[in-house]
Amino acid sequence: MPGCFKKTLFALASLISFVSFILIVVAMGIPKWMTGKILCKTGADLVNATDPELVKFIGEIYYGLFRGGKIRQCGLGGRRSKFTIFPHMVKKLNTGLHVMIIMFLCVAIFFSLVSFGFCILNAIKVPYRAINGPAGACLWNFLAGGFVVLGATSFMAAVKLHHLTERIANFRENVFRFVILEERFEDCFWICVASATAHAVNLLLIAISGIHFPKIKTKTEEVNVTAEDIMY
């Protein structure tokens, strides 16, 4: 049986792994990975809008991995619309990269659950095989955190290098053209970053659990037995 200190560390690590699993699932389901402001360039050019008038042509956009929405401002008031990435819009995006982001996060979900199971196992007993012990828990946490990092990095690449926001904003826009004025990574993206950080904390906890602290020995006083003590 593992010691009390080791049990506590692995119990905490298992809780962190489960929280990481919840965080990734929530982040994938909420359409708030990116928000931004979009300018209706065509409408502004038609009326030669100056700085005070440009407010009438600046709308908003938000999206996640599967759906999103936008407010179009083309001089006639705001028009709200919602959209889904699959199955139609993904054809206009970098399909391979977008699918890779989702696959990376799905694999991270799997490894988060595996690391949760391994941490529970190590909290309950000392496994006979090394791969089932702290080494295995470290491996699964490293893989889970690594795939979350890959997913978040790929999303950043899609936004910055492949102009993901601009492509989404101009999807099925035959008359008006939108340009991006501002982009912000929102809560769901940072939740994924927090999930990767959680697995890094787990690696630290597992490393601490392997440290063998010296036992404090109390010095026992030597008892001197004399002949008089024996008589009594």
Of all the heavy-atom pairs spanning Gly133 and Asn122, show the shortest one and how long it is.
-> CA-OD1, 3.1 Å
Plane angle bin for Phe116 and Phe18 - parallel if under 30°, tilted between 30 and 60°, otherwise perpendicular = tilted
Would you indicate whether the side-chain heavy atoms of Glu60 and Thr35 approach each other to under 4.5 Å?
-> no
Which atom pair, heavy atoms only, marks the closest approach of Ala169 to Ile38?
-> CB-CG2, 4.1 Å
Above 12 or not: heavy atoms from other molecules or residues under 6.0 Å from CG of Asp187?
-> no
Do Ser17 and Asn202 have a side chain donor and acceptor closer than 3.5 Å?
-> yes
Is there a donor-acceptor contact under 3.5 Å from the side chain of Arg67 to the main chain of Gly29?
-> yes
Side chain proximity check, Phe57 to Val47, heavy atoms < 4.5 angstrom | yes
For Gly151 and Ile101, which heavy atoms make the closest approach, and how far apart are they?
-> O-CG2, 3.8 Å
Applying the 4.5 Å side-chain criterion to the ILVMFWY set and letting contacts propagate, would Leu93 and Met103 be lumped into a single cluster?
-> no
Decide if atom CZ of Arg79 counts as having more than 12 heavy atoms of other residues, nucleotides or ligands within a radius under 6.0 Å.
-> no
What's the verdict on salt bridge (Lys or Arg N to Asp or Glu O under 4.0 Å) for Glu173 and Lys70, showing C-alpha distance, side-chain angles and the deciding distance?
-> CA-CA 12 Å; Glu173 292 289 348; Lys70 65 180 179 180; 3.1 Å; yes
Same cluster (ILVMFWY, side-chain, under 4.5 Å), Val19 and Leu204 = no
How far apart are the closest heavy atoms of Tyr62 and Lys82, and which atoms are they?
-> OH-CE, 4.2 Å
Over all heavy atoms of both residues, which pair between Ala13 and Cys119 is shortest? Give the atoms and the distance, please.
-> CB-SG, 3.7 Å
Connected via hydrophobic side-chain network under 4.5 Å: Met34 and Phe171 = yes
Kindly state whether the ring of Tyr63 and the ring of Trp33 have centres lying under 6.0 angstrom apart.
-> no
Any chain of hydrophobic side-chain contacts (each under 4.5 Å) joining Leu150 to Ile191?
-> no
Should Leu23 and Phe142 be counted in the same cluster of Ile, Leu, Val, Met, Phe, Trp and Tyr side chains packed under 4.5 Å apart?
-> no
Polar contact flag, side-chain donor to acceptor under 3.5 angstrom, Arg177-Thr42 | no
On a heavy-atom basis, the closest approach of Gln73 and Ile58 is CG-O, 3.2 Å
Mark yes or no for whether Ser20, through its side chain, and Ile16, through its backbone, hold a donor-acceptor pair below 3.5 Å.
-> no
Would you list the pairs meeting salt bridge (charged side-chain N to carboxylate O under 4.0 Å, His left out) in which at least one residue belongs to residues 138-162, sequence neighbours left out?
-> Lys160-Glu183
Would you kindly say whether His98 and Ser154 are connected by a side-chain donor-acceptor distance under 3.5 Å?
-> no
How many angstroms lie between OG1 in Thr95 and CD1 in Ile85, if you round to the nearest 0.5 Å?
-> 11.0 Å
Which word best sums up how the rings of Phe155 and Phe185 line up, parallel for under 30°, tilted for 30 to 60°, or perpendicular for over 60°?
-> perpendicular
